[in-house]
Each structure stands twice: as C-alpha cells, then as structure tokens.
Amino acid sequence: MASFTAHSTKAQASLASSQQAKLVSARPQRSTVRCNASLPVSLDSRQLNQAVNRCIRVSRHVATRSSRGQRCAVVAMAGAKYDYDLVIIGCGVGGHGAALHAVEQGMKVAVIEGHDIGGTCVNRGCVPSKALLAASGRIRDMKNEMHMKSMGIQVGSVSFDRAGVAAHATQLASAIQGNLKRSLEALGVDILIGQAKFVDNHTIKYGLPGRVDVGGQVTAKDVIIATGSVPFVPPGIPIDGKTVFTSDHALKLEWLPNWVAIIGSGYIGLEFSDVYTALGCEVTFIEAMDKIMPGFDTEIARMAERLLIKGRPIDYHTGVIATKVTPGVPGVKPVEIELTDFKTKKVVDTLEVDACMVATGRAPYTNGLNLGSIGVETDRRGFVPVSEKMEVLGSDGKVVPNVYCIGDANGKYMLAHAASAQGISAVENMLGRPNVLNHLSIPAACFTHPEVSFVGVTQEKAEEMAKEQGFPLGVAKTSFKANSKALAEKEGEGMAKMLYRKDTGEILGVHIIGLHAADLIHEASNAIATKQTVQDIKFAVHAHPTLSEVLDELIKSAHVNPPSSSSNSSAAKAGAKQPVAA
Ligand SMILES: Cc1cc2nc3c(=O)[nH]c(=O)nc-3n(C[C@H](O)[C@H](O)[C@H](O)COP(=O)(O)OP(=O)(O)OC[C@H]3O[C@@H](n4cnc5c(N)ncnc54)[C@H](O)[C@@H]3O)c2cc1C
Ligand SMILES: NC(=O)c1ccc[n+]([C@@H]2O[C@H](COP(=O)([O-])OP(=O)(O)OC[C@H]3O[C@@H](n4cnc5c(N)ncnc54)[C@H](O)[C@@H]3O)[C@@H](O)[C@H]2O)c1
C-alpha cells in the first residue's frame with residue numbers, strides 16, 4: 001500500500017541537503033509510492049501547494065488520505081522515471097495555456113516548438129490581424145466625414161503609410177511573442193526547439209532538418225499534441241504569395257491591390273474585407289455556400305451584410321467555387337479566376353482581378369508526428385480524434401494512454417481561447433480531476449467594424465432543438481439604437497438576440513452585432529458556462545450609460561414561465577423592482 005509522510009508546515013519546512021526541490025516525474029508503481037516529506041529547499045506557500053498537488057497526483061491514495069487543508073510538504077523521490085511530467089508539442093496559444101496551468105499545478109514541463117513561439121495566433125493570426133484592423137478602422141472612421149461632422153469634428157485629408165500600418169502589425173506580433181517566451185522561461189518551462197515526433201506514448205524525438213546540433217529525445221509521463229493548423233488551399237489554386245495568397249502573406253500587407261477577390265466569406269475573409277476596404281481596395285467575395293457568411297445566424301448575417309458589405313465597395317458571388325486560379329503580375333497581368341457552380345459543377349464565369357486571397361478554412365498541422373507509432377490515425381482531413389476530455393483516441397476508438405490533443409489540431413473549435421481552454425482541461429484530466437469543456441459556452445467574435453460575436457447555437461439550430469426536444473423556444477431581441485452610450489458614439493447600428501428555453505430559462509445562444517460586440521458577449525458566455533439561467537441574471541445591475549446595457553435589456557426582455565415570475569424568486573423576496581419588458 002502507498003505510504004505517505006506528511007509534515008504539517010506552518011512556516012517554512014525544515015530542509016535537508018539538496019539545493020533544489022525538483023518535482024521531477026517520479027512515476028513509481030502505485031503500490032510503492034512513497035512521498036518523502038523532507039524538503040531540500042525553502043518553499044513559499046505557492047510552491048508548497050504545488051508540492052502537495054504533485055504528491056496527490058503521484059498517488060491518489062495520498063490524495064484521499066492526506067487532508068488537503070493540512071499543509072503538507074512533499075518532495076518526489078529520487079529515481080525519476082521520465083524527464084518531464086508533461087511535454088507539449090507545439091507552443092501556440094494552446095500549448096502556452098496548457099504549460100502555464102501545468103506549472104501552476106506543480107508539474108515539470110517542456111514545450112517543443114518547431115517554428116516560432118506563439119504559433120499562428122501570435123505570429124500569423126489573431127494578433128497581427130487585430131493590429132491591421134485597429135489601424136485600418138481608425139482610417140475608416142477618420143475618412144467618414146459625415147460621421148465626424150455629426151459630432152462636430154472636421155478632419156482634413158486623411159492619409160496613411162501602408163508600410164507603417166504593416167509595421168504596427170509585425171511589431172505587435174514580435175512584442176507579444178517575446179512576452180510569451182519570457183513568461184514560459186520565468187516559470188521554468190524548458191523550451192526545446194525542433195520538429196517533434198512520437199517514438200512511443202512517453203518518448204518524443206525532436207530536431208530540425210539538416211541541423212545535427214539541434215534536437216534530441218525526451219520522455220514524459222504525459223504528452224499534449226498542440227500543433228495547430230495551416231491555411232487550407234483547395235486544389236487548383238497555386239499560391240505565389242504575391243498575387244494569389246493566404247492570410248500568412250496578406251498579414252504582411254506588402255501591397256494594396258486595387259481589386260482583390262477573397263475566396264471564402266468566413267472569419268478571415270470578412271476581417272480582411274474590412275481592412276482592405278478601409279485602405280481603399282475593392283473586394284469581391286467568392287463563397288461556395290448559397291449565402292454569404294454562412295457560418296453566422298441568418299438574421300445576424302443579414303444585418304452584417306447591410307453593415308459590412310452594402311455601402312462598401314464589396315460585391316459577391318455565392319454558390320460558386322474557384323476551380324482554377326492563374327496568378328498574375330502586379331500592374332501588368334491580372335489574376336484569372338474560373339468560377340464553377342458548386343451544385344451543377346458547370347463553369348459559370350471568369351473573373352479578372354488584381355489579387356486573390358484564399359480564406360477557405362484551415363488544415364490541421366499533424367503531418368510528421370509519426371502518430372502511427374502510438375496507434376493513432378487522423379481523420380480524412382488530418383484532425384486528431386479526441387474524447388471530450390481531450391484524450392487522443394486510437395484507431396481502435398480507445399483512449400491512447402497519456403496522450404492528449406488540443407487546439408486547432410483536433411478541429412473541435414478553431415479559436416485561440418478554445419485551444420488554451422482545452423489545454424487547461426487536458427491538464428486537469430491528466431491530474432485525475434475529470435474535466436469536460438463545454439464548447440457551447442465558448443464565445444466567438446469577428447473583429448470587423450462593427451464587430452460580430454456569438455456564443456452557443458444559432459436560431460436555426462435552436463428551432464431544430466426545440467422541435468426535437470419539445471420545449472418552447474424564446475427569442476429575445478434588442479437594438480443598439482436605444483443605447484445611450486452607442487448613440488453618444490453615433491454608433492447606434494446593431495442588435496443583440498438571445499435564444500432561450502421559455503420553460504427553464506436556460507440560455508442556448510446569444511448573438512450580437514454592433515459596437516464592441518466582442519467584449520459584450522462575455523456576460524452571456526459566462527452565464528452559459530456557469531449554467532446560470534435568464535432568471536439568475538435578470539436582476540443584475542449594469543452601469544449606465546454603458547454598452548453592456550444592451551445585454552441587460554436583452555435579458556430583461558426575456559419571458560420565462562414558470563417559475564421565474566413566481567413570488568418565491570429571491571429577487572422578488574428582496575423586493576427587487578420588476579423590469580419592464582422591452
Ligand atoms: C488570420 C487569422 C486570424 C485569427 N484571428 C483569431 C482571433 O481573432 N481570435 C481567435 O480566437 N482565433 C483567431 N484565429 C485562430 C487562432 O489563431 C487559432 O485558433 C489558434 O492559433 C490555434 O492555436 P493552437 O495552439 O492550436 O495552434 P497554433 O497557434 O497553430 O500553434 C501550433 C504550433 O505548433 C508548432 N508545431 C506544429 N507541428 C509541430 C511539431 N511536429 N513539432 C513542434 N512544433 C510543431 C507550430 O509551429 C505552431 O507554432 C485566427 C487565425 C488566423 C489565421
Ligand atoms: N476573429 C476570429 O476569431 C478569427 C479570425 C480569423 C480566423 N479565425 C479562425 O480561423 C479559421 C479559418 O478561417 P477562415 O475564414 O479561413 O475559415 P471559415 O471556416 O471561417 O470560412 C471559410 C469560408 O470559405 C468557404 N469556402 C470553403 N471552401 C471554399 C471554396 N473552395 N470556394 C469558395 N468558398 C469556400 C466556406 O463556405 C466558408 O464560408 C476559422 O476556423 C476561425 O475559427 C478566427
């Protein structure tokens with residue numbers, strides 16, 4: 001049976017010889033687990049807690065037998081079986097989030113990164129794109145004379161320096177990359193450089209092609225695959241990086257084509273249409289689905305079309321795919337795009353434009369991991385199959401012990417904050433604390449001007465659920481038009497919509513389009529994550545005048561029956577004023 005010596009430590013523990021308390025992976029057989037309580041160095045209370053957590057992790061017998069409240073100081077035994085508790089392959093936001101949480105839990109962690117710390121989000125995604133959107137958004141605002149005049153502002157001619165805007169994006173990416181790296185170093189995470197591949201569940205080889213001085217082999221009790229994704233380019237589209245390109249190239253803003261066709265009207269297409277049109281380019285969308293912005297709730301997409309497309313130099317072709325693209329030469333020869341009807345497969349048109357951006361989704365970056373060595377097969381598109389606890393599933397459908405996959409590589413929800421939340425969840429699960437992330441509580445936002453955000457399901461999906469499960473569906477709506485803060489900014493265009501169960505008050509989805517929608521969505525996503533109902537949050541107070549009152553009004557306008565209006569509700573007991581339905 002496991003034996004455990006716990007020292008209650010009021011102050012610093014008394015210390016033995018060794019200079020460093022290395023909570024290195026001891027992974028002895030459970031029957032021989034022995035957590036020795038002599039501490040080799042002074043530990044502060046945080047380190048002490050980490051040590052306790054570490055011991056609890058090594059043996060669950062200990063977890064149940066030792067009172068967690070009692071401050072036990074523990075040091076893992078000598079003779080570590082693995083180099084690390086956790087090795088993370090890929091150091092994007094997913095890997096970074098997982099590493100931070102694992103260190104917090106007292107684990108010894110290494111990340112292996114084959115390209116650049118920060119991955120897509122920091123270097124080729126969220127961060128530089130938001131910098132371009134911020135700069136181009138200002139330019140759009142200042143060029144909007146009517147808007148400025150309506151607030152009594154006169155602006156002279158507005159000009160910008162393309163290279164300066166581009167530099168803002170690259171400098172921001174590089175600053176944030178540095179911050180990320182320093183945060184890992186400060187926490188003692190080992191950063192190993194190289195492309196990693198599995199030898200077995202606990203052994204990873206890494207190196208760089210043609211570099212004998214880089215690389216090696218490490219072992220770990222647990223491994224997380226966090227290798228992210230790369231742009232997906234449909235067949236028949238040669239990328240030259242100049243006239244035919246993906247977001248990887250577009251973010252460098254090396255030139256501004258007069259007319260750019262964007263294939264795909266998802267997040268990347270929309271955000272880049274916002275940047276390009278603010279900087280004076282014309283845009284044509286090529287979208288395979290029958291409607292533009294097919295990923296959004298239909299009503300929100302309709303409003304987005306009015307606010308983000310009509311009134312801007314943007315047109316679109318829907319229900320068509322680009323089957324052949326011939327690159328051009330800037331200023332000399334246009335790019336030719338052959339359009340084919342998505343359903344009939346007949347060629348219907350040919351476009352000649354200055355440039356073509358491909359924004360048709362992302363493909364997982366899982367090649368070269370030697371997943372076969374651990375009995376794993378990716379799906380047709382290359383995504384790693386995972387359980388709801390982020391455990392990797394083998395080709396037999398069973399959990400592959402000690403291997404997890406998070407972020408874009410598993411394809412569950414390709415967003416930065418989802419990757420990092422999945423990383424935290426995976427660490428919790430490897431520590432023996434079962435954790436399932438509710439993906440329906442993860443907010444998403446498109447950072448156009450104005451922004452679009454949502455959490456949970458669309459109205460179409462909610463209607464389907466209501467029909468199948470037989471519950472009454474509530475649809476509450478509010479507008480930004482009546483919001484004092486939005487009106488003060490002369491930004492009254494926008495709406496918010498909530499889908500909820502009228503019988504229980506459960507919130508199924510919230511969609512917002514309008515000023516700062518990306519910030520406003522969190523009240524709703526937190527409510528869904530913590531399972532709060534409409535009744536629970538109906539009487540929360542919002543500062544006036546703020547944009548958050550849009551959500552306040554939205555929630556107050558929802559009608560749940562029964563039991564929210566019952567006189568037994570806590571708010572009614574407290575004598576809260578009943579809100580007026582909008
Ligand atoms: C233009 C653009 C804008 C975006 N904007 C947003 C946004 O505003 N908000 C948002 O939430 N999301 C946004 N995203 C999506 C977001 O960037 C991704 O969801 C997120 O980066 C995924 O994180 P990850 O950690 O899973 O993978 P990544 O960030 O892709 O990181 C994976 C890392 O693993 C490394 N790697 C791969 N294979 C190996 C290997 N074998 N060995 C070692 N290292 C390896 C890669 O080099 C990479 O650094 C955007 C994406 C793009 C392209
Ligand atoms: N603000 C954000 O959070 C943000 C910003 C950018 C990117 N991202 C992430 O990056 C990922 C990739 O973004 P994206 O915009 O490339 O993908 P997406 O999945 O959002 O949109 C792709 C669009 O392209 C269309 N499409 C696909 N193949 C086509 C073809 N052959 N011809 C014409 N249309 C085609 C699809 O119907 C879809 O509308 C997304 O999953 C998103 O999560 C997020």
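All residue numbers refer to positions in the sequence shown, counting from 1. Both counts, for ligands and for their atoms, begin at 1 and track the order of listing.
Among all protein heavy atoms, the one lying closest to atom 23 (O) of ligand 1 is V93 CG2, 3.6 Å. Residue, atom and distance of the protein heavy atom nearest to atom 27 (O) of ligand 1 are G228 CA, 3.1 Å. Here the heavy atom of the protein found nearest to atom 51 (C) of ligand 1 is G125 CA, 4.0 Å. In terms of protein heavy-atom proximity, atom 38 (C) of ligand 2 is nearest to E287 OE1, 3.7 Å. In terms of protein heavy atoms, atom 21 (O) of ligand 1 is closest to C121 N, 3.2 Å. Protein heavy atom in closest approach to atom 22 (C) of ligand 2: A359 O, 3.6 Å. Protein heavy atom in closest approach to atom 46 (C) of ligand 1: E113 OE2, 3.4 Å. Regarding atom 13 (C) of ligand 1, its nearest protein heavy-atom neighbour is C126 SG, 3.3 Å. Distance from atom 39 (C) of ligand 1 to its nearest protein heavy atom, with residue and atom name: T227 CG2, 3.5 Å. Counting only heavy atoms of the protein, atom 12 (N) of ligand 1 lies nearest to A416 N, 3.3 Å. Closest protein heavy atom to atom 41 (O) of ligand 2: M414 CB, 3.7 Å.
An N or O contact shorter than 3.5 Å links D408 to ligand 1 by distance. In terms of N/O distances under 3.5 Å, ligand 1 is not approached by L251. Taking distance alone, with nitrogen or oxygen atoms compared against 3.5 Å, H417 approaches ligand 1 more closely than that limit. Ligand 1 has an N or O atom lying under 3.5 Å from an N or O atom of A196, backbone or side chain. Considering backbone and side-chain atoms alike, F272 places every N or O at 3.5 Å or more from each N or O of ligand 1. Of the N or O atoms in G114, one or more lie within a sub-3.5 Å distance of an N or O in ligand 1. The shortest N or O to N or O distance between C446 and ligand 2 is not below 3.5 Å. Distances between N or O atoms of V320 and those of ligand 2 include no value under 3.5 Å. For the pair T120 and ligand 1, the shortest N or O to N or O distance falls below 3.5 Å.
Only the side chain of F447 comes within contact range of ligand 1, with a heavy atom under 4.0 Å; no backbone atom does. Contact annotation for P234 and ligand 2: only side-chain heavy atoms (C-beta onward) come within less than 4.0 Å of the ligand. With a 4.0 Å heavy-atom cut-off, ligand 1 is reached by no atom of I117. Only backbone heavy atoms of A226 (N, CA, C or O) come within less than 4.0 Å of ligand 1; its side chain stays farther off. At a heavy-atom cutoff of 4.0 Å, ligand 2 is contacted by no atom of S129, backbone or side chain. At a heavy-atom distance under 4.0 Å, no atom of K197 approaches ligand 1. Both the backbone and the side chain of Q195 come within 4.0 Å of ligand 1, counting heavy atoms alone. Residue contacts with ligand 1 for V122 are absent, since no atom lies close enough (heavy atoms, distance under 4.0 Å). Counting heavy atoms under 4.0 Å from ligand 2, residue M293 does not touch it at all. Looking at R124 against ligand 1, only its backbone comes within 4.0 Å, counting heavy atoms. Under 4.0 Å from ligand 1, the heavy atoms of I89 that appear belong solely to its side chain. Contact annotation: for S229 versus ligand 1, heavy atoms closer than 4.0 Å belong to the backbone alone.
With ligand atoms numbered from 1 in the order given, ligand 2 contributes 1 (N) to contacts under 4.0 Å with heavy atoms of F447. Every atom of ligand 1 is numbered from 1 in the order shown, and the set under 4.0 Å from a heavy atom of G94 is 25 (O). With ligand atoms numbered from 1 in the order given, ligand 2 contributes 10 (O), 11 (C), 12 (C) to contacts under 4.0 Å with heavy atoms of R362. Less than 4.0 angstrom separates some heavy atom of I286 from each of these atoms of ligand 2: 33 (C), 34 (N). Listed by number with element, the atoms of ligand 1 under 4.0 Å from a non-hydrogen atom of L369 are 41 (N). Annotation for ligand 1: atoms under 4.0 Å from non-hydrogen atoms of G119 are 29 (O), 31 (O), 48 (C), 49 (O). Taking every heavy atom of D116 and a limit of under 4.0 angstrom, the matching atoms of ligand 1 come to 49 (O). The S129 neighbourhood of ligand 1 comprises atoms 3 (C), with distances under 4.0 Å to a heavy atom of that residue. Within ligand 2, counting atoms from 1 as listed, the ones closer than 4.0 Å to a heavy atom of L415 are 3 (O), 43 (O), 44 (C). Taking every non-hydrogen atom of G92 and a distance limit under 4.0 Å, the qualifying atoms of ligand 1 come out as 25 (O), 29 (O), 31 (O), 33 (C).
Exactly one of I89, V199, L369 qualifies for a side-chain contact (heavy atoms from CB on, under 4.5 Å) with I204. That residue is I89. Only one option out of I112, V122, L184 pairs with C91 in a side-chain contact (heavy atoms from CB on, under 4.5 Å); it is L184. Of the residues listed (I224, D85, I88), the one engaging V109 in a side-chain contact (heavy atoms from CB on, under 4.5 Å) is I88, and it is the only one.
A 6.0 Å sphere centred on CZ of R312 holds more than 12 heavy atoms belonging to other residues, nucleotides or ligands. For E463, the CD atom counts as densely surrounded, since its 6.0 Å shell holds more than 12 non-hydrogen atoms of other residues, nucleotides or ligands.
Between D83 and K108, none of the side-chain N atoms (NZ, or NE/NH1/NH2) sits under 4.0 Å from a carboxylate O, so this pair counts as no salt bridge. Contact check on R381 versus D379 returns a salt bridge, with a Lys/Arg side-chain nitrogen under 4.0 Å from an Asp/Glu carboxylate oxygen. Under a 4.0 Å N-O distance rule, the pair E428/K389 does not qualify as a salt bridge. Using a 4.0 Å cut-off between charged nitrogen and carboxylate oxygen, E464 and K461 count as a salt-bridge pair.
Taking a 4.0 Å cut-off on heavy atoms, P294 registers as neighbouring ligand 2. Contact analysis puts G194 in contact with ligand 1, with a non-hydrogen atom separation below 4.0 angstrom. Residue contact annotation: K130 has a non-hydrogen atom under 4.0 Å from ligand 1. Taking 4.0 Å as the cut-off, A444 does not count as a neighbour of ligand 2 on heavy-atom distance.
Of the listed options M414, H115, R362, M414 places a heavy atom closest to atom 15 (C) of ligand 1. When T120, T340, I321, I268 are ranked by how near their heavy atoms come to atom 6 (C) of ligand 2, first place goes to I268.
Using bins of under 30°, 30° to 60° and over 60° for the plane-to-plane angle, the ring pair Y413/H439 lands in the tilted bin. Ring pair H249/F245 is perpendicular by interplanar angle, where above 60° counts as perpendicular and below 30° as parallel.
Defined by atom type and a distance below 3.5 Å, a donor-acceptor pair is present between the side-chain atoms of E338 and T323.
The side-chain heavy atoms of L253 and L279, taken from C-beta on, include a pair separated by under 4.5 Å.
Here H115 contributes atom NE2 and Q195 contributes atom CD; the two are 9.0 Å apart, rounded to the nearest 0.5 Å.
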